[in-house]
Amino acid sequence: MKSQEINKKERLLSLDALRGFDMLFIMGLSGWIVSLCSLFPSSGFMGWLSSQMSHVEWNGLTHHDTIFPLFLFIAGISFPFSIAVQRKNGRTERQILAKIVRRGVVLIFLGMVYNGFFRLDFEHLRCASVLGRIGLAWMISALLFVKFRPGTLAVIAAVILVGYWLLLWLVPGGADTYSFEKNLAGAVDRVLLPGRLIYGDNHFDPEGLLSTLPAIVTAMLGMFTGQFIRLSDDKVTKNKKTLYMLVAAVAFLIAGWAWSYVFPVNKMLWSSSFVCVVAAYSLFLFAAFYYIIDVKGYRRWTLFFRVVGMNSITIYLAQSIINFSQVSKFFFGGLAGKFPEVWANLINATGYIIVCWLFLYFLYRKNVFLKV
């Protein structure tokens with residue numbers, strides 16, 4: 001990782017804002033919403049909203065299940081902009097490919113750091129991780145993006161999704177082929193994935209090896225989107241870009257809904273129907289942010305989100321290293337103690353977000369952005 005000054009004029013502000021919006025849920029917004037909802041225990045809507053802030057046990061989808069794939073999709077959108085800058089600056093294809101691999105490897109390592117690498121207890125270290133999946137899926141997708149034309153990439157994406165579905169359907173086969181106990185993804189990880197698996201006494205890991213295949217497509221769909229946004233406004237106006245993204249979102253939603261009848265929407269398996277549904281969600285959100293910020297030019301409100309989005313990996317890792325809860329308690333614990341528990345929880349959750357954001361704002365003001 002290195003510290004570097006970001007030229008904000010060269011950045012797609014909507015992308016930074018959307019990344020920040022997504023990371024806020026990891027930075028305490030989910031807990032804040034749960035605390036807020038607990039103030040209204042008889043409200044059906046608040047009960048539903050609170051339930052959206054946790055993962056489903058297996059099949060199905062909540063908002064919390066969209067956070068990770070949206071981040072991977074956003075990482076994909078960024079890549080066509082990055083590679084264009086690198087080529088403009090005279091980097092060779094070999095240098096670009098080396099940088100892609102290096103970034104992927106660093107993210108995989110940082111994922112293990114997050115999981116406790118420096119405890120040096122390698123027997124119980126979980127090698128699979130969120131950052132590891134981002135690194136591996138993004139890296140493979142980026143390598144394919146550099147080497148193949150869009151038409152070929154579309155075929156590769158379709159083959160991966162259909163092939164993954166057929167693999168899990170036909171092997172081992174039977175009525176429970178997509179179950180937690182019998183799915184092929186878990187079986188592959190138990191044989192090939194080193195270290196500890198996170199669920200079921202070393203039975204299954206949602207960031208395992210085989211389920212990384214469809215995650216590659218999630219990153220690839222983001223890259224398609226980024227390439228589309230980069231088209232000259234003379235070819236496709238910004239308004240039409242927004243419209244086409246919304247149309248694509250509807251198409252992916254229909255495809256995912258239809259596919260879910262034979263291959264359930266499942267984040268832990270990263271099922272092909274899940275890829276389609278979260279692509280729809282990601283496209284819809286990006287289209288909205290793009291239209292408001294980059295098309296209509298309403299940008300002042302984005303600072304709060306961009307502060308988070310421009311240092312997203314920093315805050316993800318920092319929360320496992322720095323005790324932000326203790327810092328929040330130091331400043332807000334006295335105030336929280338003056339209120340009933342349900343209100344105290346909301347105050348503490350608010351304090352946590354404030355402390356994390358101010359930490360990132362300090363880095364933002366100093367032009368320090370940690371990038372892999």
Side-chain angles (χ1 to χ4, degrees), residues 3 6 13 16-56 62-68 70-71 74 110 113-116 118-119 130-131 285 289 292-293 298-370:
S3 171
I6 302 296
L13 294 186
D16 287 326
L18 179 56
R19 188 186 297 109
F21 169 79
D22 191 44
M23 281 302 299
L24 269 174
F25 289 94
I26 302 298
M27 203 182 82
L29 183 57
S30 293
W32 185 89
I33 291 174
V34 170
S35 297
L36 177 66
C37 291
S38 67
L39 299 178
F40 309 93
S42 60
S43 170
F45 172 76
M46 287 299 191
W48 171 84
L49 182 60
S50 180
S51 71
Q52 294 300 304
M53 298 301 111
S54 58
H55 295 296
V56 295
T62 64
H63 175 270
H64 216 59
D65 297 314
T66 67
I67 297 171
F68 183 7
L70 173 59
F71 190 92
I74 291 170
L110 289 177
V113 170
Y114 183 90
N115 288 345
F118 289 111
R119 297 190 191 103
V130 168
L131 289 180
L285 268 187
F289 274 67
I292 294 170
I293 299 169
Y298 301 120
R299 300 181 175 184
R300 290 185 179 180
W301 64 275
T302 65
L303 176 65
F304 180 77
F305 296 106
R306 287 188 287 114
V307 165
V308 181
M310 294 174 72
N311 256 321
S312 53
I313 293 179
T314 302
I315 193 59
Y316 182 80
L317 288 171
Q319 288 180 99
S320 68
I321 300 171
I322 302 172
N323 193 340
F324 289 112
S325 294
Q326 188 61 39
V327 178
S328 174
K329 183 179 179 181
F330 179 85
F331 288 104
F332 297 96
L335 177 63
K338 303 296 183 182
F339 289 85
E341 184 178 359
V342 289
W343 282 100
N345 290 338
L346 183 63
I347 293 170
N348 286 327
T350 303
Y352 184 88
I353 294 173
I354 291 172
V355 168
C356 289
W357 191 87
L358 288 175
F359 167 73
L360 294 179
Y361 184 66
F362 172 79
L363 297 179
Y364 178 88
R365 287 299 301 268
K366 296 297 183 181
N367 285 320
V368 175
F369 302 94
L370 301 180

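Ser30 places a side-chain N or O within donor-acceptor distance of the main-chain N or O of Phe25, the cut-off being under 3.5 Å. Looking at Asp65, its side chain does come within 3.5 Å of a backbone N or O of Thr62 through a donor-acceptor pair. Panel note: side chain Ser50, backbone Met46; no donor-acceptor pair is recorded below 3.5 Å. Asn311 places a side-chain N or O within 3.5 Å of a backbone atom of Leu370 that can act as its donor or acceptor partner. Judged by distance alone, the side chain of Asn348 and the main-chain N or O of Ala344 form a donor-acceptor pair under 3.5 Å.
Interatomic distance, Leu18 CG to Ile74 CD1, rounded to the nearest 0.5 Å: 3.5 Å. Rounded to the nearest 0.5 angstrom, Ile353 CD1 and Trp32 CH2 are separated by 7.5 Å. With values rounded to the nearest 0.5 angstrom, Ser43 atom OG is found 11.5 Å from Trp48 atom CH2. Ile292 CD1 to Thr302 OG1: the interatomic distance, rounded to the nearest 0.5 Å, is 11.0 Å. The CZ atom of Phe68 sits 10.0 Å away from atom CD1 of Ile26, with the distance rounded to the nearest 0.5 Å. Note: Met310 CE to Asn367 CG = 8.0 Å, rounded to the nearest 0.5 Å.
Between Arg306 and Tyr364, the closest side-chain pair of non-hydrogen atoms falls below 4.5 Å. Counting heavy atoms from C-beta outward, Ile293 and Trp301 have side chains that approach closer than 4.5 Å. Taking 4.5 Å as the limit, every side-chain heavy atom of Lys338 sits out of range of all side-chain heavy atoms of Trp343. Two residues are said to be in side-chain contact when any heavy atoms from C-beta on lie closer than 4.5 Å; Ile354 and Phe332 meet this criterion. Put simply, the side chain of Phe359 does not reach to within 4.5 Å of the side chain of Val355, judged on heavy atoms. For the pair Val130/Tyr316, a side-chain contact is recorded, criterion being any heavy-atom separation below 4.5 Å from C-beta on. For the pair Leu285/Thr66, no side-chain contact is recorded, criterion being any heavy-atom separation below 4.5 Å from C-beta on. The shortest distance between side-chain heavy atoms of Ile315 and Phe324 falls below 4.5 Å.
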Q | Test log, rule salt bridge (Lys or Arg N to Asp or Glu O under 4.0 Å), inputs Arg19 and Asp22 | A | CA-CA 5 Å; Arg19 188 186 297 109; Asp22 191 44; over 6 Å; no
Q: Using the side-chain contact (heavy atoms from CB on, under 4.5 Å) rule, take Phe362 and Leu358 through it: C-alpha gap first, then chi angles, then the decisive distance, then the call.
A: CA-CA 6 Å; Phe362 172 79; Leu358 288 175; over 6 Å; no
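Ring pair Phe304/Trp357 is parallel by interplanar angle, where below 30° counts as parallel and above 60° as perpendicular. Ring geometry, His63 versus Phe21: the interplanar angle exceeds 60°, so the pair is classed perpendicular (tilted spans 30 to 60°).
Between Met27 and Gln319, the closest heavy-atom pair is CA-OE1, 3.6 Å. Shown here for Ser328 and Tyr352, the closest heavy-atom pair between the two residues is OG-N, 3.2 Å. Counting all heavy atoms, side chain and backbone alike, Leu317 lies closest to Leu110 at CD2-O, 4.0 Å. Heavy atoms only, all atoms of each residue included: Asn345 and Ser35 are closest at O-OG, 3.7 Å. The shortest heavy-atom contact between Phe305 and Ala17 is CB-O, 3.4 Å.
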